[in-house]
Amino acid sequence: MPGPSRRLLILGGTAEAVALAEMLSQVPGVEIVTSLAGRTEHPHLPPGEVRRGGFGGKSGLAAFLAERNVELVVDATHPFATEIAANADVACAAAGVPLLRLARPAWERQDGDRWVEVEDAAAAASLLPGLGRRVFLTVGSRALPAFSGIADTWFLVRLIDPPKARLQLNAYEIVLGRGPFTLESERTLLARHHIDVVIAKASGGGATAAKLIAAREARIPVILLRRPVKDQGETVATPAAAFAWIRARLQS
Ligand code: NAP
């Protein structure tokens, strides 16, 4: 007779979180709960249980771990999701639950890249007027207000969901899309819209890297919002490595 299920929590919202849940769904006796913040309207859903919405801070997350008898937590959130990562550090330590961070590799500058790295969207906005007038803006909806006061500039704004209200930007067009993006499609987008500068988060990983190659080929600058530092703890770079870590933990 099979033993009781072992429950794992994946803090998700990324392709890596979905890939890990897909791998774990093949393992008998393992129950996966993926948690999403609930920001996107039609998220790519992983197999297993999915819960949506915040936990209510560190204490809420710690309470969830205890109530649901969670044995392991994988923080597979986006590199720019720092609050939930910090909450996971504290809640897992308090609840005595092992935590693994699944962090996709950072991008590395290549010959020909014209990257200008900045701390945040406000810094990107203040540099922008000296760098270009036709901007491909791929920083997510929450960072857009930083660009609202910039005149004489046109923005091509890539978003996952259509905005609920008009954007507070000088002039713009919206292109909807969710990675992965191909090099061919990124080249076409830059050329068709006569883009002369790209603004992006230094998210890392493969799914959104093609725009950097397209910008290098077009010899245009990229203003990159620096990746925030998360407390590292035990960290792996791929879903396969996270899977191996989990299997070893469950067997020990
Ligand atoms: P954040 O600033 O680190 O988190 C803000 C609050 O949102 C957290 O304190 C937590 O609320 C809630 N939250 C965040 N991720 C959650 C999750 N996976 N499950 C349950 N609650 C979560 O996060 P964010 O940057 O807004 O990102 C939100 C989500 O979108 C994350 O899951 C992330 O993986 C995904 N995402 C983010 C980006 C980005 O650029 N930031 C890009 C792509 C995907 P409580 O304190 O109430 O628990």
Side-chain angles (χ1 to χ4, degrees), residues 7-21 32-46 48-68 70 72-92 94-95 97 99-104 106-107 118-122 124 137-147 157-161 163 176-181 198-209 211 223-231 233 235 237 239 242:
R7 190 170 293 120
L8 313 183
L9 174 65
I10 300 176
L11 299 171
T14 57
E16 289 82 358
V18 175
L20 178 59
I32 313 143
V33 182
T34 296
S35 176
L36 302 176
R39 303 245 196 277
T40 50
E41 280 173 31
H42 305 288
H44 184 178
L45 290 176
E49 180 182 337
V50 176
R51 67 164 299 286
R52 293 184 207 219
F55 294 95
K58 334 174 164 61
S59 55
L61 178 52
F64 180 90
L65 298 178
E67 275 158 27
R68 297 298 308 273
V70 172
L72 300 174
V73 175
V74 180
D75 171 15
T77 56
H78 188 270
F80 279 70
T82 50
E83 214 172 308
I84 186 72
N87 288 352
D89 289 333
V90 174
C92 288
V97 174
L99 169 67
L100 178 68
R101 190 144 280 142
L102 169 51
R104 58 177 81 149
W107 291 325
V118 296
E119 245 8 86
D120 53 25
L137 189 56
T138 66
V139 291
S141 58
R142 293 205 298 160
L144 296 180
F147 301 90
V157 183
R158 183 154 66 199
L159 296 171
I160 291 178
D161 293 316
L176 297 179
R178 188 199 308 254
F181 301 102
V198 175
I199 305 183
K201 287 178 168 170
S203 303
T208 58
K211 62 182 172 236
I223 305 179
L224 268 185
L225 276 52
R226 233 176 242 126
R227 194 165 156 157
V229 178
K230 293 188 185 184
D231 179 14
T235 304

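Source: prediction; values computed, not measured. The chain is numbered in sequence order, starting from 1. Counting convention: from 1, in listed order, for ligands and their atoms alike.
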*With heavy atoms of N87 as the reference, note each atom of ligand 1 found under 4.0 Å away.*
9 (O), 46 (O)
*Tell me, which protein residue and heavy-atom name are nearest atom 23 (O) of ligand 1, and how many Å apart are they?*
A81 CB, 3.5 Å
*Can you establish whether the number of heavy atoms outside K201 located under 6.0 Å from its atom NZ is more than 12?*
yes
*Does G12 have a non-hydrogen atom less than 4.0 Å from ligand 1?*
yes
*Nearest non-hydrogen atom to atom 29 (C) of ligand 1 belongs to which of A88, G56, A37?*
A37
*Tell me: protein heavy atom nearest atom 36 (N) of ligand 1, and distance?*
H78 CB, 3.5 Å
*Do me a favour and list the nearest non-hydrogen protein atom to atom 19 (N) of ligand 1 with residue, atom name and distance?*
S35 OG, 2.7 Å
*For S203 and ligand 1, answer yes if some heavy atom of the residue is under 4.0 Å from a ligand atom, otherwise no.*
no
_Nitrogen or oxygen atoms of L11 and ligand 1 under 3.5 Å apart_ = no
*Of the side chain and backbone of R39, name the one, both, or neither that has a heavy atom under 4.0 Å from an atom of ligand 1.*
side chain
*Of all the non-hydrogen atoms in the protein, which one sits nearest to atom 44 (C) of ligand 1, and at what distance?*
G13 O, 3.3 Å
*How about L159 and L144: do any of their side-chain heavy atoms sit closer than 4.5 Å?*
yes
*asked:* Between E49 and R68 (salt bridge meaning N to carboxylate O under 4.0 Å), is one present in this structure?
replied: yes
_Quick one: does any side-chain atom of S35 pair with a main-chain N or O of V50 as donor and acceptor, under 3.5 Å?_
no
_For L102 versus A242, what's the shortest heavy-atom pair and its separation?_
CD2-CB, 4.3 Å
*atom 40 (O) of ligand 1 - nearest protein heavy atom and its distance*: K201 NZ, 2.6 Å
*For atom 26 (O) of ligand 1, state which one of R142, K58, E16 supplies the nearest heavy atom.*
R142
*Are K230 and D89 close enough for a salt bridge, meaning some N to O gap below 4.0 Å?*
no
*Does ligand 1 have a heavy atom under 4.0 Å from the side chain of L61, from its backbone, from both, or from neither?*
neither
*So which protein heavy atom does atom 46 (O) of ligand 1 come closest to, and at what separation?*
G57 N, 3.0 Å
_Nearest heavy-atom neighbours spanning L11 and A88_ = CD1-CB, 3.7 Å
*Indicate yes or no for a side-chain donor-acceptor contact from T14 to the backbone of A76 under 3.5 Å, with no hydrogens or angles considered.*
yes
*Any protein heavy atom under 4.0 Å from atom 13 (N) of ligand 1?*
yes
*Minimum heavy-atom separation for S203 to R227, with atom names?*
O-NH1, 3.3 Å
*Find out whether L8 and V74 are in side-chain contact, i.e. whether some heavy atom of one side chain is under 4.5 Å from a heavy atom of the other.*
no
*When you measure from atom 48 (O) of ligand 1 to every protein heavy atom, which one gives the shortest distance, and what is it?*
F55 N, 2.7 Å
*Does ligand 1 have any atom that is closer than 4.0 Å to a heavy atom of G140?*
no
*asked:* I'd like to know if the side chain of R51 and the backbone of G53 have a donor-acceptor N/O pair within less than 3.5 Å.
replied: yes
*Identify the closest protein heavy atom to atom 10 (C) of ligand 1: which residue and atom is it, and at what distance?*
I84 CD1, 4.0 Å
*Within-cut-off N or O pair, E83 and ligand 1, under 3.5 Å*: yes
_Cation-pi check, R142 onto F80 ring (under 6.0 Å, within 45° of axis)_ = no
_So if I count the atoms of ligand 1 from 1 in the order they appear, which ones are less than 4.0 Å from some heavy atom of T82?_
3 (O)
